[in-house]
Amino acid sequence: MAATTLSKCTSTELETLLKIAKATFVETFGHLNDPAHFDAYVAKAFTLAQFEKELSTPGSDFYLLRVDGHAAGYLKLNFPPAQSDLNEPQSMEIERIYLYNQYQGSGLGKLLFNKAMEEAANAEVKYIWLGGWEKNEKAIRFYESRGFYKFAKHPFKLGDDLQSDDLMRLDL
């Protein structure tokens with residue numbers, strides 16, 4: 001049985017966080033997008049400076065999931081005013097839940113999700129929300145199976161490609 005740990009990410013783990021964030025984003029979405037737009041977005045969004053800024057933002061928390069000591073996934077949660085869109089009091093945003101492909105279907109996504117639920121309970125928020133690319137049907141099904149419902153659309157710019165995210169909400 002593999003040993004799993006999930007802990008809040010610190011600045012000493014910044015390079016590990018950046019590496020897994022970039023790699024899992026590329027694994028998940030690279031093959032579904034125009035390379036020119038995708039590569040432009042990745043070059044801008046996945047830099048050490050950008051992740052240092054995100055990690056040091058009050059109200060944003062990253063959690064690193066390790067399997068047998070190796071980074072396997074991560075979670076990013078945002079509370080107001082650090083949220084990417086709504087910033088409504090008594091809400092928490094799940095901005096990112098990512099796992100390397102090799103760990104998907106193993107129950108580790110549920111572990112990350114359960115951590116988000118635990119943090120929402122600790123913060124006594126009234127609801128959790130997130131944005132997910134409308135073409136990421138696997139993720140949408142995952143969230144719907146946990147009680148999330150779509151309530152709006154949100155534009156997302158990937159390079160010069162304007163895409164649409166479904167905003168989803170879970171009332172607690």
Side-chain angles (χ1 to χ4, degrees), residues 6 9 17 20-35 37-38 40-42 44-46 50-51 54 57-65 72-172:
L6 180 61
C9 188
L17 176 63
I20 191 168
K22 184 176 181 178
T24 55
F25 188 82
V26 169
E27 271 187 352
T28 304
F29 300 114
H31 66 288
L32 299 171
N33 286 279
D34 178 285
H37 297 298
F38 189 80
Y41 176 81
V42 168
K44 182 178 177 185
F46 293 93
Q50 177 61 34
F51 270 71
E54 290 182 36
T57 298
S60 284
D61 296 315
F62 284 90
Y63 297 87
L64 275 175
L65 175 66
Y74 78 105
L75 167 69
K76 183 182 183 192
L77 304 176
N78 294 323
F79 296 90
Q83 293 180 1
S84 65
D85 198 354
L86 300 182
N87 281 308
E88 293 181 0
Q90 298 300 308
S91 71
M92 181 186 82
E93 175 189 18
I94 298 175
E95 186 175 353
R96 300 181 200 138
I97 292 184
Y98 283 94
L99 286 170
Y100 280 117
N101 287 346
Q102 72 192 68
Y103 296 108
Q104 292 183 10
S106 67
L108 294 174
K110 291 176 189 171
L111 188 115
L112 290 170
F113 180 78
N114 289 342
K115 179 62 175 173
M117 294 298 292
E118 176 187 318
E119 293 303 312
N122 290 342
E124 299 179 346
V125 299
K126 292 187 169 101
Y127 68 94
I128 301 170
W129 71 275
L130 57 89
W133 188 30
E134 65 185 359
K135 294 183 181 178
N136 190 351
E137 295 171 4
K138 183 177 177 182
I140 290 169
R141 281 192 310 273
F142 176 85
Y143 292 117
E144 286 176 337
S145 75
R146 280 146 184 82
F148 281 79
Y149 60 91
K150 296 174 188 177
F151 70 93
K153 294 276 191 185
H154 169 90
F156 180 81
K157 199 156 187 189
L158 187 88
D160 290 329
D161 183 18
L162 187 60
Q163 300 182 353
S164 183
D165 285 352
D166 288 327
L167 294 185
M168 302 180 76
R169 175 177 169 148
L170 175 65
D171 297 313
L172 303 176

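Everything quoted here is computed from the prediction, not taken from an experiment.
- Taking Glu118 as the reference, Lys115 meet the side chain to side chain donor-acceptor pair (under 3.5 Å) condition, with sequence neighbours excluded.
- Residues meeting the side chain to side chain donor-acceptor pair (under 3.5 Å) test with Glu144, sequence neighbours left out: none.
- In this structure, Asn87 contributes its side chain and Gln83 its backbone to a donor-acceptor pair below 3.5 Å.
- From Arg96, atom CZ reaches atom CG of Leu130 across 13.0 Å, with rounding to the nearest 0.5 Å.
- In this structure, Asp166 CG and Asn136 CG are separated by 10.0 Å, a value rounded to the nearest 0.5 Å.
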Decide side chain to side chain contact (heavy atoms under 4.5 Å, CB included) for Leu32 and Phe38; before the verdict, give the C-alpha distance in whole Å, the side-chain angles of both, and the deciding distance to 0.1 Å.
CA-CA 9 Å; Leu32 299 171; Phe38 189 80; over 6 Å; no

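- The number of heavy atoms from other shown groups lying within 6.0 Å of CD (Gln102) is above 12.
- Rounded to the nearest 0.5 Å, atoms CD1 (Ile94) and CE (Met168) are 10.5 Å apart.
- With sequence neighbours left out, the side-chain contact (heavy atoms from CB on, under 4.5 Å) criterion links Glu95 to Lys76, Asn78, Glu93.
- Across all non-hydrogen atoms, the minimal contact from Pro58 to Ala82 is O-CB, 3.4 Å.
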Verdict with supporting geometry, Ser164 and Lys153, side chain to side chain contact (heavy atoms under 4.5 Å, CB included):
CA-CA 6 Å; Ser164 183; Lys153 294 276 191 185; 3.4 Å; yes

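- Under the rule for a side chain to side chain donor-acceptor pair (under 3.5 Å), the partners of Gln163 that lie at least two apart in sequence or sit in another chain are Asn33, Trp133, Asp161.
- Using a 4.5 Å cut-off on side-chain heavy atoms (C-beta onward), Leu64 and Ile20 make contact.
- Taking CG of Leu6 as the start and OH of Tyr63 as the end, the distance is 8.0 Å to the nearest 0.5 Å.
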Residues Phe51, Phe62; criterion side chain to side chain contact (heavy atoms under 4.5 Å, CB included); working and verdict
CA-CA 10 Å; Phe51 270 71; Phe62 284 90; 4.3 Å; yes

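- Exactly one of Asn122, Ile128, Asp61 qualifies for a side-chain contact (heavy atoms from CB on, under 4.5 Å) with Met92. That residue is Ile128.
- Between the side chain of Ser91 and the main chain of Glu88, a donor-acceptor pair closer than 3.5 Å is present.
- A heavy-atom distance below 4.5 Å is not found between the side chains of Phe79 and Pro89.
- Inter-residue side-chain proximity for Phe148 and Asp171 is flagged as unmet; no heavy-atom pair is nearer than 4.5 Å.
- Contact check for Phe113 versus Met117: side-chain heavy atoms found under the 4.5 Å cut-off.
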Given side chain to side chain contact (heavy atoms under 4.5 Å, CB included), test Leu99 with Thr24 step by step and report yes or no.
CA-CA 6 Å; Leu99 286 170; Thr24 55; 5.8 Å; no

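- Looking at heavy atoms from C-beta onward, Asp34 lies in side-chain contact with His37 at the 4.5 angstrom threshold.
- In this structure, CZ in Phe29 is found 9.5 Å from CG in Leu158, a value given to the nearest 0.5 Å.
- Between the CG atom of Leu75 and the CG atom of Leu111 there is a distance of 9.5 Å, given to the nearest 0.5 Å.
- Across Ala116 and Leu77, no two heavy atoms sit closer than the pair CB-CD2, 3.8 Å.
- Among residue pairs with one or both ends in residues 87-106, those qualifying as ring-ring contact (aromatic ring centres under 6.0 Å, His included) are Tyr74-Tyr98; sequence neighbours excluded.
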Audit row: Lys138, Gln104, side-chain hydrogen bond (donor to acceptor under 3.5 Å, both in side chains) steps and yes/no:
CA-CA 11 Å; Lys138 183 177 177 182; Gln104 292 183 10; 2.7 Å; yes

CA sep, side-chain torsions, deciding dist, call: Lys150, Glu134, salt bridge (charged side-chain N to carboxylate O under 4.0 Å, His left out):
CA-CA 10 Å; Lys150 296 174 188 177; Glu134 65 185 359; over 6 Å; no

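- Residues satisfying the ring pair (Phe, Tyr, Trp, His ring centres under 6.0 Å) criterion with Phe156, sequence neighbours excluded, are Tyr41.
- When atom types are taken as modelled, the side chain of His154 and the backbone of Leu167 share no donor-acceptor pair closer than 3.5 angstrom.
- Here the shortest heavy-atom pairing between Pro155 and Leu162 reads CB-CD1, 3.9 Å.
- In this structure, Arg146 forms a cation-pi arrangement with Phe142, its terminal cationic atom sitting closer than 6.0 Å to the ring centre and no more than 45° off the ring axis.
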